[in-house]
Amino acid sequence: MSGIKDYLPFAGEAGVEELFLLAGRLRGRPVRHVNSTAVGGGVAEILTRMMPLLKDLGVETRWDVIKGNERFFRITKAMHNALHGGSDPIGAGDFAFFLEVNRENAREMDLADEINFIHDPQPIALVEERSGRGGRWVWRCHIDFTEPQPAVWEFLKGYVERYDCAVFSAPAFARPLGVRQVLISPSIDPLSDKNRDLPEATVQEVCDRFKIDRSRPVVAQISRFDYLKDPVGVIRAYKLVKPHVDCQLVLAGGGATDDPEGAKVLEEVRREAEGDPDVFVLFLPPASDVEINALQRAATVVLQKSLKEGFGLTVAEALWKAKPVVASAVGGIPLQVTHRHSGILTHSIEGTAYWVKQLLNEPDYAAKLGANGRVHIANNFLITRHIRDYLLTFLSLFESKDIVYL
Ligand code: UDP
């Protein structure tokens, strides 16, 4: 496991020194992260990498995952979809059950830590406990909040406003709120198995294992099987490209323990892909980081055709590997991709197909986009910047509420 000093080549001496300085000022103030899954999805990905680094900096920190049954995660997935503009029905009984599960979790947790850092809507109501136990409370929202369904947002807002501040990933997600808002975009870890340099032999071995032919172009999307990642739309875009360029499509992803819809989406994807031996639908087990790294490196073009996206770590991962990326202009993706400079932004299946075709036919242009993308990620979206922003936010909780630090 890497220590913070291993990040000197990315953050520089001054950058690493600053992290130690900020961490030193937090001494005696433990931080507790709470989210809803230990495996699968971007939040777990970031916390897994960040926890050891925070500890290495001397920040006393822990990470708890709330427990819930199938009904709870069905309700939270419906809320998640509603916050992304969907219309899954959520009844009064569902909201009551959601609160009951949060209260059960609160009873089992020792929430006396100085800083409670609560991720996303699933554990949001733990904040009910603050009146009895004190501490500072931060709600960290990772999702695309451009068009939340009003009823669900109003319900959550009552809880958000009990926090000291709310952290969003992109300016477009900020909302009228009675508490301070902080913008912090997520990040990737350049030293993780998912992002570190890989020997060419490993990339080849992974492709051989999945029977991917590297003598022909490979278009890839790596994502959980979720409607919001539009995997069926990806296959339709590929089908428009295929008559013009003899390429292959790789759709690789796993599930997340807090996402009960994955199996259904995977089934639809398999149906759409049926009969085409050049479409590879790969359901990956957790801890497939080297495989994902290799598939991203093997890709000629990487897609992220999300319909909504809080940030899209997969975009940063692909750009870090200097890959040309064609991604939807939604949520946090435009923070990472400037159209025709560090990648391509699209709005439809047809637009995606058009640009994939262009990039497959113009490798020099595609390589330039990828190279620019890597610089952009190096400058803005690596884990050391993210840790710095979190430490500053934690410190600001103990200062006057009128001062905005970030
Ligand atoms: N990921 C993974 N295995 C999979 C699919 C995705 O490890 O089968 C990783 C992916 O590489 C990325 C994260 O999970 O690091 C997904 O984060 P993102 O922000 O792209 O989307 P989310 O799943 O949080 O909506």
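When a ligand or atom number is given, it counts from 1 through the structure's own listing order.
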Looking only at protein heavy atoms, which one is nearest to [atom], and how far off is it?
atom                    : value
atom 18 (P) of ligand 1 : Leu313 N, 3.5 Å
atom 8 (O) of ligand 1  : Gly254 N, 2.4 Å
atom 2 (C) of ligand 1  : Ile292 CD1, 3.2 Å
atom 23 (O) of ligand 1 : Arg224 NE, 2.7 Å
atom 16 (C) of ligand 1 : Gly42 N, 3.6 Å

Legend entry - Options His80, Glu317, Gln221, ranked by nearest heavy atom to atom 12 (C) of ligand 1, top entry: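 Checking each option, the heavy atom nearest atom 12 (C) of ligand 1 is found in Glu317.
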Legend entry - Option of least heavy-atom distance to atom 25 (O) of ligand 1 (set: Glu309, Lys229, Lys194):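 Nearest heavy atom to atom 25 (O) of ligand 1 lies in Lys229.
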Legend entry - Residue portion contacting ligand 1 (non-hydrogen atoms closer than 4.0 Å) for Gln304: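 Gln304 to ligand 1: no contact under 4.0 Å from either part.
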When you measure from the centre of the six-membered ring of [Y], is the NZ or CZ of [X] closer than 6.0 Å and no more than 45° off the axis?
X      : Y      : value
Arg29  : Phe398 : yes
Arg71  : Phe97  : yes
Arg162 : Trp137 : no

Inset, instruction - Check whether any side-chain N or O of Asp6 sits under 3.5 Å from a backbone N or O of Gly3 as a donor-acceptor pair, and report yes or no. - result: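 A pair under 3.5 Å: yes.
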Inset, instruction - Applying side chain to side chain donor-acceptor pair (under 3.5 Å), name anything that partners Thr300, two or more places apart in sequence or on another chain. - result: none
Inset, instruction - Provide the number and element of each atom of ligand 1 under 4.0 Å from a heavy atom of Thr314. - result: 10 (C), 11 (O), 12 (C), 20 (O)
Inset, instruction - Output the list of atoms in ligand 1 that are nearer than 4.0 Å to some heavy atom of Gly312, sorted by atom number. - result: 19 (O), 20 (O)
Does atom [atom1] of [X] have more than 12 heavy-atom neighbours from other groups under 6.0 Å away?
X      : atom1 : result
Arg340 : CZ    : no
Glu147 : CD    : no
Glu13  : CD    : no

Legend entry - ligand 1 contacted by Ser288 (non-hydrogen, < 4.0 Å): no
